[in-house]
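Read the numbers this way: they start at 1 and go in the same order the structure lists the ligands and their atoms.
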Amino acid sequence: MCGIVGYVGDRPCRDILFRGLRKLEYRGYDSAGISIISDGRFELLHSVGNLDNLEAILDQMAEAGTLGLAHTRWATHGRPSNENAHPHTDCTGRFAIVLNGIVENYLALRAALQAEGHEFTSDTDAEVAAHLIERAFRGSLQEAVAEAYRQMEGHFTCCAIAVDEPDVIVGIRKETPLVVGLGEGENYLASAIPAFLAETRSAIFPEDGEVVVVRRESVRLYDLEGLPVDREVQTIDWDEEAAEKSGYETFMLKEIHEQPTALADTLAERIGQDGEVVLDGLGLTPESIKEIRQIIVVACGTSYHAGLVGKYALERWARVPVEVEVASEFRYRDPVIGPDCLCIAVTQSGETADTLAAMRLARQAGARVLAVTNIVGSQATREADGVLFTRAGLEIGVAATKTFLTQVLVMLLLGLYFAEVRGHLTRKQVRSYSDELRNIPRLLGDYLADGAAEHVDEVARDYAFNRFFMCLGRNLSVPVAMEGALKLKEISYIPTDAYAAGEMKHGPIALLEEGSPVLVVATDSFVYDKLISNVQEVRARGARVIAVASEGNEALKEMVDEVFYVPRTDEMLAPLLAVVPLQLFAYYVAKNKGEKVDQPRNLAKTVTVE
Ligand code: G6P
């Protein structure tokens, strides 16, 4: 939520900052701005709307300055406008700041600063940071930022520059991301790695409350008292190409097609010689796994759906009760959990504020906490007892695709691992699943290479202007239907609901009329016949049915209007394939409507506010 990039070096930085922002646009795109120190003063540029609007006016700013900050915003306090766009400056125009997150006590701070005569020019919470730094500055930006940080409550990342110290950027974080990129004779500060991935792979991940002082030739970290802190330099192994569209029309389409590789990478080294599941980083001994009496999965959005698939796997295979709850509810529910509970936080970004809060709550209650995340160094990895990484690579499309599939895969692996440790599946049984899991990347690759997208596109054309969709499933295909519905909502803006098909008769069937489109996830399953009865019921009300089915199920063709066939696999693994035509369907419905799929309105990829 909001993207920050800062640069200091010996190159003119206007375009470097802008290119960095482009890579962070998925974090927010309602307004943007750049501030550069040039000839002892700030040059400032703000624009409303996405980065195309900033680009259009970029040459109003001189190119010369070699130190600056830039920001792309997802509005929390104050509507998108030039005044509310970052960077913000203080009353004297000597300090500029960018901020991601929320300063919770900003109203009190603002009132106190105003009483002292400070004049505010925006409605944002962020602007207080500029005035606090102005008030605290005694010749050292590092000390002023530390002082401002002490006074601000909430969770935020703040970076500041000062005309009085034109060679330094100071950054600080509190529960939201900040990463330093180390170059040769130049350095970066950013809210995410893609901002500088084209320039360097060396990074430092500061901890909360560490003051990061970045100059052309050095990066130093200090605690709030000014004592030096050491942090290891890490090497990022993401491919720079990951941040490019590589010939695809959108990031989302590229990421859908990257799913076979993402699955193969996530699987690599996780299946041993004998077919056993290997989960390095799990942070749980076999003894502690046997002691678990309850699992709570906490997550938001798409990750919640991956958690639901995990519930079916963990309960069926490992015979342990699992609850899956959206993190924003769990955190305020006063849940009954204790030391025999394992909390699994599923979060691709590792930064979702509600999921982090849910993890903390579980930990306070004595539960062990496991994070399933895609981002090395993210907050979730710092707070969990164990971490299982999905290896989806960088995902830029706001609507999650490959991170979802890899989360589902990790949850399935976890189910198999727990099942064997707890004695509910034999090695032989585990091996038959793990052998089949190894096939999935190839099956999906063949499916996508075989014209799947083109077929779905053709079908989607007929449905692009429907008023609503309904998605149905049973058992493991319920979370798949839910994820398909979420994709449709997110990028096509067509109201879509998902239901367990058995619930239809208890209300939703009343919505159907002649021609209503219903998507049914009907891959092979022990409840297939039950689901087909539900298909007949909706057909009898005149619905047009589009089914996702297992290859070879010719009989279904006669019963429904369209079928998207996916390769056959074990029904427990079917979500890994069945969701893909639904992702493609949502994609092409949105494209055919002319929507901007990579930047759906009102959404952001990383939600660092509650
Ligand atoms: C946002 C994104 C979704 C994502 C959700 C949870 O709403 O737009 O795509 O599923 O956050 O994010 P997380 O990073 O915790 O998986």
Asks: What protein heavy atom sits nearest atom 14 (O) of ligand 1, and how far away is it?
Replies: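 Answer for atom 14 (O) of ligand 1: Ser349 OG, 2.6 Å.
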Asks: Would you give the length of the straight line joining atom SG of Cys159 to atom CD1 of Ile4, rounded to the nearest 0.5 angstrom?
Replies: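 Interatomic distance, Cys159 SG to Ile4 CD1, rounded to 0.5 Å: 5.0 Å.
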Asks: Is the closest basic N to carboxylate O distance between Asp385 and Arg363 below 4.0 Å?
Replies: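 Result for this pair is yes, salt bridge flagged.
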Asks: Is any NZ, NE, NH1 or NH2 atom of the basic residue among Arg22 and Asp52 found under 4.0 Å from an Asp or Glu carboxylate oxygen of the other?
Replies: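 Result for this pair is yes, salt bridge flagged.
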Asks: Number the atoms of ligand 1 from 1 as they appear, then name those within less than 4.0 Å of a heavy atom of Thr302, with their elements.
Replies: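 Within the 4.0 Å cut-off of Thr302, ligand 1 contributes 10 (O).
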Asks: So, taking the atom named CD1 in Ile546 and the one named OH in Tyr463, what distance separates them when rounded to the nearest 0.5 Å?
Replies: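 The OH atom of Tyr463 is 4.0 Å from CD1 of Ile546, to the nearest 0.5 Å.
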Asks: Aromatic contact between Phe585 and Phe469, with the criterion being ring centroids under 6.0 Å apart: yes or no?
Replies: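 Yes: the rings meet the under 6.0 Å criterion.
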Asks: Is any NZ, NE, NH1 or NH2 atom of the basic residue among Glu175 and Arg360 found under 4.0 Å from an Asp or Glu carboxylate oxygen of the other?
Replies: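 Salt bridge between Glu175 and Arg360, a charged N being under 4.0 Å from a carboxylate O: yes.
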Asks: Which option, Glu490, Gln348, His305, owns the non-hydrogen atom nearest atom 3 (C) of ligand 1?
Replies: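 The residue whose heavy atom sits nearest atom 3 (C) of ligand 1 is Glu490.
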Asks: Mind checking whether Ser303 has an N or O less than 3.5 Å away from an N or O of ligand 1?
Replies: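 Yes; the residue has a nitrogen or oxygen that sits under 3.5 Å from a nitrogen or oxygen of the ligand.
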Asks: Looking only at protein heavy atoms, which one is nearest to atom 11 (O) of ligand 1, and what is the separation?
Replies: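 Its nearest protein heavy-atom neighbour is Lys605 O, 3.8 Å.
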Asks: Identify the protein heavy atom lying closest to atom 7 (O) of ligand 1, giving its residue, its atom name and the separation to 0.1 Å.
Replies: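 That would be Val607 CG2, 3.9 Å.
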Asks: Distance to 0.1 Å, residue and atom name: give those for the protein heavy atom nearest to atom 15 (O) of ligand 1.
Replies: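 Protein heavy atom at minimum distance: Thr352 OG1, 2.4 Å.
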Asks: Does Arg333 have more than 12 heavy atoms from other residues, nucleotides or ligands lying within 6.0 Å of its CZ?
Replies: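 Counting neighbours around CZ of Arg333, more than 12 heavy atoms of other residues, nucleotides or ligands fall under 6.0 Å, so yes.
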Asks: Check if Val398 has a non-hydrogen atom at a distance under 4.0 Å from any atom of ligand 1.
Replies: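 Judged by the 4.0 Å heavy-atom criterion, Val398 does count as contacting ligand 1.
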Asks: Among all protein non-hydrogen atoms, which one is nearest to atom 6 (C) of ligand 1, and what is the separation to 0.1 Å?
Replies: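 For atom 6 (C) of ligand 1, the nearest protein heavy atom comes out as Cys300 O, 3.4 Å.
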Asks: Nearest protein heavy atom to atom 8 (O) of ligand 1, by residue and atom, and its distance?
Replies: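 I find the closest protein heavy atom is Ala604 O, 3.0 Å.
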